[in-house]
> 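Once you've had a glance at the structure underneath, I'll fire off some questions.
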2 protein chains.
Amino acid sequence: MTTINDIAKMANVSRTTVSRVLNNNGYVSESARKRVMQVVEETGYIPSVSAKSLRTKRSGVIGVILPKISTETASRVVGGINEVVSKEGFQILLTDTELHHEKEIEYIRLLQSRHVDGIILLATNVNDPLLHAIEEAKLPFISLGQELPGVTSIVYDDYHAAVDMTTMILQKGHKKIAYIGVGEEDPAVGVLRKKGFMDTMKKAGITVEENWCSYGDFSIESGYESMKQIINSNRENSPTAVFVVTDRMAIGAMEYLKEQGFRIPEDMAITGIGAAVMSKYITPSLTTIDYFNKDAGSKAAELLLEQLQGKNTRKKITQNYRLIKRDSV
Amino acid sequence: MTTINDIAKMANVSRTTVSRVLNNNGYVSESARKRVMQVVEETGYIPSVSAKSLRTKRSGVIGVILPKISTETASRVVGGINEVVSKEGFQILLTDTELHHEKEIEYIRLLQSRHVDGIILLATNVNDPLLHAIEEAKLPFISLGQELPGVTSIVYDDYHAAVDMTTMILQKGHKKIAYIGVGEEDPAVGVLRKKGFMDTMKKAGITVEENWCSYGDFSIESGYESMKQIINSNRENSPTAVFVVTDRMAIGAMEYLKEQGFRIPEDMAITGIGAAVMSKYITPSLTTIDYFNKDAGSKAAELLLEQLQGKNTRKKITQNYRLIKRDSV
DNA sequence: AATGGGTGTGTAATCGATTACACAAATGGA
DNA sequence: TCCATTTGTGTAATCGATTACACACCCATT
């Protein structure tokens with residue numbers, strides 16, 4: 001491995017000068033600069049980031065903590081993050097909790113030990129140890145998708161999205177609307193979307209029967225099972241529409257409905273949230289809400305970079321959304 | 001920031017001993033170990049990976065170079081890689097060429113400067129500068145999806161997959177089979193899959209008309225356009241089936257066919273490759289080939305870890321595949 | 001009692017960069 | 001001509017870990 005010392009020797013300068021050439025700071029004569037560049041080219045010298053980062057306390061790496069990488073939402077977000085940070089010469093250090101909540105904290109500490117310059121977290125839950133770990137890390141930090149008190153958060157407008165969607169279903173004349181959601185550990189998807197739905201129903205003077213609600217775990221299969229359960233436990237008073245909190249679960253639900261010979265939307269209308277690519281190409285195409293995940297990722301990255309430059313921008317940003325009306329309702 | 005020196009002082013030992021406790025090597029008395037652990041707990045001390053890596057030349061990070069992160073294949077592969085490496089305490093440093101070939105080389109050098117312990121590359125093309133850069137890097141290296149001479153490669157069996165698929169279409173009685181592919185810069189998808197298709201057709205004594213072939217760029221839209229072109233330029237001698245080299249393009253092609261009132265598979269049969277989730281839920285469900293991307297990622301990671309342990313396993317591994325027969329043909 | 005190996009701990013060099021500081025030469029304004 | 005800047009370069013400390021080496025102690029064996 002060639003080091004800065006080798007370069008210095010070969011170019012007949014001190015390593016100070018080499019460093020100055022490479023980092024473009026301080027005074028360097030044209031002739032010295034040329035000699036150094038020359039040698040660097042010839043040797044294909046690559047500086048050690050470990051050494052640099054040990055000295056400077058900056059690594060040029062930003063850590064990303066995902067609940068699950070192989071997911072459409074996550075990969076879109078990472079795409080958006082990458083687009084922004086790579087332009088500024090940063091790399092992404094990726095960690096994936098595989099849906100184990102406790103790993104979020106573990107990974108924050110791990111990223112910290114790797115001297116990442118900042119962290120973007122896609123949380124799936126909120127709890128005190130987590131907040132404490134973030135506080136401790138003393139690093140630029142962005143939360144995406146969940147609002148974390150005291151942390152710059154980029155959130156989707158889950159509540160109003162759910163309100164709009166529910167309103168739309170009501171406008172279509174439906175009164176008996178079932179609900180397929182996820183557990184309440186997830187404040188965004190589990191709580192806010194449900195609240196948006198429930199509040200709107202209440203406002204319309206409709207009480208949602210307890211057995212019109214069912215809960216899954218984000219998977220297509222769980223959507224299928226939830227739908228099955230709702231249908232089976234409401235043989236004589238069946239809902240005419242179902243509000244599902246994610247596209248994937250909605251797809252699963254549709255699968256069950258189709259199997260059972262329901263016509264969509266005539267016998268049962270259905271809606272999702274998330275604008276998965278699939279939602280457009282499935283038959284019938286799924287009415288859903290686009291959260292612009294990629295933009296959210298980019299936005300998160302931009303805010304993080306701002307924080308890195310010392311601009312203290314602790315704030316909450318609510319991402320906008322778009323209701324995509326299609327054929328399933 | 002607390003350092004190893006602080007811990008040493010607080011525990012009344014030398015930093016050597018602290019290091020020994022933390023790395024579990026060398027002799028340490030039970031009492032010293034306890035004192036150190038005690039202090040480590042209390043202070044929440046996190047060792048600096050930069051310093052460690054500067055000294056040891058190992059970073060515990062493996063670099064992954066992707067053509068495009070926000071893609072189902074890529075995110076599945078990364079999921080597989082992550083599952084394996086995270087178990088061994090490694091992290092993933094992610095880079096995304098966004099389909100710019102020249103960035104592959106740039107990123108190899110960049111990862112090198114970051115002292116990654118190894119690299120997994122999902123190449124989309126093969127050329128000499130690339131091979132040279134890999135050679136230069138002198139790092140454990142795995143290529144996934146493309147065979148790179150002299151580099152441990154995990155490849156999908158593109159040729160036989162295409163052969164099997166084509167054979168299957170032929171068995172269904174089709175003779176006029178169109179082809180939607182991608183450019184030949186991509187040896188795996190562009191060349192091998194095409195060769196598998198062409199060879200099989202030839203063997204069956206069928207010549208494929210030039211205007212039954214069309215080429216896209218992996219996107220759904222390009223599949224749509226390719227299909228349109230084939231239909232429009234074959235008004236009086238239309239094919240009865242179309243072999244598409246990726247699921248996404250196949251979905252686009254189906255979209256066009258449906259718009260134009262073709263019944264699938266009665267008027268036109270269609271097949272894809274890749275087993276996108278969507279392929280199962282679209283109507284009609286798409287006959288495709290599962291490449292087990294996640295397993296391929298895991299396998300790549302395992303081979304890389306083997307190489308890291310000095311086992312020189314330079315070889316080529318061909319991943320198996322599975323033909324999924326569904327309703328589109 | 002002498003010898004030798006197993007234990008336990010510390011000293012100090014080292015990894016490869018950055019940067020504060022010192023110093024010399026060149027430049028320019030009065 | 002003289003002094004203050006500006007420009008150019010080098011010396012050496014520093015970042016926070018690992019590890020070769022030295023040393024001391026304890027205990028069992030001869």
Side-chain angles (χ1 to χ4, degrees), chain A residues 1-40 43-61 89 109-117 138, chain B residues 1-40 43-61 89 109-117 138:
Chain A
M1 265 279 298
T2 51
T3 75
I4 197 173
N5 284 306
D6 304 331
I7 304 296
K9 229 168 279 172
M10 295 173 72
N12 252 309
V13 294
S14 73
R15 65 167 169 281
T16 309
T17 302
V18 177
S19 174
R20 284 200 264 258
V21 171
L22 262 30
N23 294 290
N24 241 327
N25 65 29
Y27 296 111
V28 180
S29 68
E30 202 41 50
S31 82
R33 156 166 283 114
K34 259 198 202 123
R35 285 204 315 281
V36 170
M37 289 311 280
Q38 167 88 277
V39 176
V40 167
T43 55
Y45 163 67
I46 297 176
S48 155
V49 175
S50 315
K52 176 169 186 161
S53 136
L54 171 60
R55 190 58 226 260
T56 61
K57 309 285 174 216
R58 327 182 77 254
S59 60
V61 173
R109 294 173 59 91
L110 192 134
L111 290 172
Q112 205 182 338
S113 78
R114 293 202 176 280
H115 290 291
V116 298
D117 294 336
K138 298 193 195 322
Chain B
M1 266 282 298
T2 50
T3 75
I4 196 173
N5 284 305
D6 305 331
I7 304 297
K9 229 169 278 171
M10 296 173 71
N12 254 310
V13 293
S14 73
R15 63 168 171 282
T16 308
T17 301
V18 178
S19 175
R20 284 200 263 257
V21 171
L22 262 30
N23 294 289
N24 242 326
N25 63 32
Y27 296 110
V28 180
S29 68
E30 201 43 49
S31 82
R33 157 166 281 117
K34 260 198 199 121
R35 285 203 316 281
V36 171
M37 289 311 280
Q38 167 89 279
V39 176
V40 167
T43 56
Y45 162 69
I46 298 177
S48 155
V49 175
S50 315
K52 176 168 185 162
S53 138
L54 172 60
R55 189 59 226 259
T56 60
K57 308 285 174 218
R58 327 184 77 254
S59 59
V61 173
R109 294 173 59 91
L110 192 135
L111 290 173
Q112 206 184 336
S113 78
R114 294 203 176 279
H115 290 292
V116 298
D117 294 336
K138 298 194 195 322

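Within every chain, numbering begins at 1; the chains are lettered A, B, ... in the order of the sequence lines, protein sequences first and strands thereafter. These numbers were taken from a predicted model, which means no experiment stands behind them.
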> Any idea which of D/dT9, C/dT18, C/dT11 is nearest the B/S14 side chain?
C/dT11

> Of the nucleotides C/dG10, D/dG10, C/dT9, which one has an atom closest to the side chain of B/Y27?
C/dT9

> To the nearest angstrom, how far is B/Y45 atom OH from D/dG16 atom P?
10 Å

> Any N or O donor-acceptor pair linking the side chain of A/R20 to the base of D/dG10 at under 3.5 Å?
yes

> So which one's nearest nucleotide on DNA chain C is more toward 5', B/R35 or B/A51?
B/R35

> Let me spell it out: for each of B/S50 and B/T17, pick the nucleotide of DNA chain D with the closest heavy atom. Which residue's pick is nearer the 5' end?
B/S50

> Kindly say whether A/T3 contributes a backbone atom to a donor-acceptor pair with the side chain of A/D6 at under 3.5 angstrom?
yes

> Of the candidate nucleotides D/dT19, D/dC15, C/dG10, which contains the atom at the shortest distance from the side chain of A/K57?
D/dC15

> How far does CD1 of B/I4 sit from CD1 of B/I7, to the nearest 0.5 angstrom?
8.5 Å

> Measure from CZ on B/R55 to P on C/dA13 and round the result to the nearest Å.
12 Å

> Classify the side chain of A/T16 versus the base of C/dT19 as yes if they form a donor-acceptor pair under 3.5 Å and no if they do not.
yes

> Ignoring the backbone of A/S19, work out which of C/dT18, C/dA17, D/dT9 is nearest its side chain.
C/dT18

